[in-house]
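Down below is the structure, laid out as structure tokens.
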Amino acid sequence: MGLELYLNLLSQPSRAVYIFAKKNGIPFELRTVDIIKGQHRSKEFFQINSLQKVPVLKDGDFILTESSAILIYLSCKYQTADHWYPSDLQARARVHEYLGWHADCIRGTFGVPMWVQVLGPLIGVQVPEEKVERNRTAIDQALQWLENKFLGDRLFLAGQQVTLADLMALEELMQPVAVGYELFKGRPRLAAWRERVEAFLGAELCQEAHSLILSILEQAAKKTLPTPLPEVYPTMLLRIARIP
């Protein structure tokens, strides 16, 4: 059995892994895990990842979780272009610097609008307005840091070429964009960065990876999204409860 990637393109980290593999011509078998239906909570998936999250990489008997680890593994195993995960120690350290900050300040923050507008209503839960406002403030602060600390006067977040940092950041920012947040309005440097990253990836690949997420509001309005199974309600409620 060759490389298998367990993904769902509603998931920001899954999209990052998918785009990276596609862009670099890495052959893989796509195993789509329907997270709305709760397939990640199944006994079968538990055997793949006891954390019950996507993405997951399965390379023969080797199983790896966490998107940043997966991207680094793919970069090294398939010897992708050096700019993605630079061999230069300091350039690589810049990528790790961003990924560490990303885990603390981007993950868990930029996904909240999707829970507010789409996922919460699927199970009849409304997020309190005070939490929505706090999240907007957190997003604005993170965007300021992203633009001033990491982008600065560079072309990309960790230097003058695209790295794993840019891919992880772009996919996270696409989550609120998909539900109508104008993240790039009034932020010309960040908007130009997005254009550069998407131009590098290519319009066709971006459309392929983003078509599902960019149609999520339409699907919600038409009530064509899958109905979550009762057994996934506790997990969804816990995620909503954890919104600061």
Inset, instruction - Kindly check if the number of other-residue, nucleotide or ligand heavy atoms within 6.0 Å of NZ (Lys37) is above 12? - result: no
Legend entry - Distance, nearest 0.5 Å, that separates CG of Leu122 from NZ of Lys223: 9.0 Å
Legend entry - Pairwise distance CD1(Ile36) to OG1(Thr227) - rounded to 0.5 angstrom: 9.5 Å
Inset, instruction - Please report the shortest heavy-atom distance between Ile240 and Gly120, naming the atom on each side. - result: CD1-CA, 3.8 Å
Legend entry - Side chains of Leu71 and Met168 in contact at under 4.5 Å (non-hydrogen atoms): yes
Legend entry - Lys/Arg cation over aromatic Tyr181: Arg136, 6.0 Å, 45° cone: yes
Inset, instruction - Using atom types as modelled and distance alone, determine if a side-chain donor or acceptor of Asn135 lies under 3.5 Å from a backbone N or O of Pro244. - result: no
Inset, instruction - Tell me, yes or no, whether the heavy-atom count around Glu130 atom CD, taken from other residues, nucleotides or ligands under 6.0 Å, exceeds 12. - result: yes
Inset, instruction - Apply the test side-chain contact (heavy atoms from CB on, under 4.5 Å) to residues Asn49 and Ile63: give CA-CA distance (whole Å), side-chain angles for both, the deciding distance (0.1 Å), then the verdict. - result: CA-CA 8 Å; Asn49 181 12; Ile63 294 176; 5.7 Å; no
Legend entry - Ionic contact status for Lys22 with Glu204, cut-off 4.0 Å: no
Legend entry - Distance, nearest 0.5 Å, that separates CG of Leu143 from CZ of Phe110: 4.0 Å
Legend entry - Distance (rounded to the nearest 0.5 Å) between Arg187 CZ and Gln144 CD: 8.0 Å
Legend entry - Pair Phe156 and Phe200, ring centroids less than 6.0 Å apart: no
Legend entry - Test item: Ser75 side-chain N/O and Thr80 main-chain N/O as donor-acceptor pair under 3.5 Å: no
Inset, instruction - Provide the closest heavy-atom pair for Trp101 versus Trp145 in the form atom of the first, atom of the second, distance. - result: CZ2-CB, 3.6 Å
Inset, instruction - May I ask you to check whether over 12 heavy atoms, not counting those of Arg194, lie within 6.0 Å of atom CZ? - result: yes
Inset, instruction - Would you indicate whether Gln126, at its atom CD, is surrounded by more than 12 heavy atoms from other residues, nucleotides or ligands within a distance under 6.0 Å? - result: no
Inset, instruction - Considering non-hydrogen atoms only, spot the tightest contact between Leu10 and Ile216 and give its length. - result: CD2-CD1, 3.7 Å
Inset, instruction - State, to 0.1 Å, how close Arg189 and Gly152 come at their nearest heavy-atom pair, and which atoms those are. - result: NH1-O, 3.0 Å
Inset, instruction - Please check if atom OH in Tyr78 has more than 12 non-hydrogen atoms from other residues, nucleotides or ligands closer than 6.0 Å. - result: yes
Inset, instruction - Determine whether Leu119 and Leu238 fall in the same hydrophobic cluster, where Ile, Leu, Val, Met, Phe, Trp and Tyr are linked whenever their side-chain heavy atoms lie under 4.5 Å apart. - result: no
Legend entry - Test item: His210 side-chain N/O and Cys206 main-chain N/O as donor-acceptor pair under 3.5 Å: yes
Inset, instruction - Would you mind reporting whether Ile26 and Phe20 have side-chain heavy atoms less than 4.5 Å apart? - result: yes
Legend entry - Salt bridge present between Arg92 and Asp82 (N-O < 4.0 angstrom): no
Inset, instruction - Would you sort out whether Gln12 and Leu170 count as a side-chain contact (heavy atoms from CB on, under 4.5 Å), showing the intermediate values? - result: CA-CA 9 Å; Gln12 309 93 298; Leu170 176 66; over 6 Å; no
Legend entry - OG1 on Thr163 to CZ on Arg94, rounded to 0.5 Å: 12.0 Å
Legend entry - Common cluster, Leu212/Leu5, ILVMFWY with side-chain heavy-atom separation under 4.5 Å: yes
Inset, instruction - Would you mind reporting whether Glu172 and Thr109 have side-chain heavy atoms less than 4.5 Å apart? - result: no
Legend entry - Sidechain-backbone polar pair: Asn8 side chain, Val33 backbone, donor-acceptor under 3.5 Å: yes
Inset, instruction - Considering non-hydrogen atoms only, spot the tightest contact between Leu9 and Ile213 and give its length. - result: O-CB, 4.4 Å
Inset, instruction - Go through the side-chain N and O atoms of Gln175 and Arg15 and say whether any donor and acceptor fall under 3.5 Å apart. - result: yes
Inset, instruction - Flag yes if Val232 and Phe46 sit in one hydrophobic cluster, no otherwise; membership is Ile, Leu, Val, Met, Phe, Trp, Tyr, and two members link when side-chain heavy atoms are under 4.5 Å apart. - result: no
Inset, instruction - Apply side-chain contact (heavy atoms from CB on, under 4.5 Å) to Leu146 and Tyr98, showing your working. - result: CA-CA 9 Å; Leu146 189 66; Tyr98 174 77; 3.6 Å; yes
Inset, instruction - Determine whether His102 and Arg107 make a side-chain contact, defined as any pair of heavy atoms from C-beta on separated by less than 4.5 Å. - result: yes
Inset, instruction - For Leu74 and Asn24, run side-chain contact (heavy atoms from CB on, under 4.5 Å): C-alpha distance rounded to whole Å, both residues' side-chain angles, the deciding distance at 0.1 Å, then the answer. - result: CA-CA 10 Å; Leu74 292 174; Asn24 288 286; over 6 Å; no
Inset, instruction - May I ask you to decide whether Arg196 forms a salt bridge with Asp166, counting only side-chain N to carboxylate O separations under 4.0 Å? - result: no
Inset, instruction - Report yes or no: do Leu229 and Trp115 belong to one cluster of Ile/Leu/Val/Met/Phe/Trp/Tyr joined by side chain heavy-atom distances under 4.5 Å? - result: no
Inset, instruction - Might you point out which heavy atoms bring Lys131 and Ile243 nearest each other, and give the distance in Å? - result: NZ-O, 2.8 Å
Legend entry - Atom CD of Glu182: over 12 foreign heavy atoms under 6.0 Å: no
Inset, instruction - Indicate if Leu157 and Leu89 have the same hydrophobic cluster label, given that clusters are the connected sets of ILVMFWY residues with side-chain heavy-atom separations under 4.5 angstrom. - result: no
Inset, instruction - Evaluate whether atom CD of Glu66 has more than 12 neighbouring non-hydrogen atoms of other residues, nucleotides or ligands under 6.0 angstrom away. - result: no
Legend entry - Atom CD of Glu133 with >12 non-hydrogen neighbours under 6.0 angstrom: yes
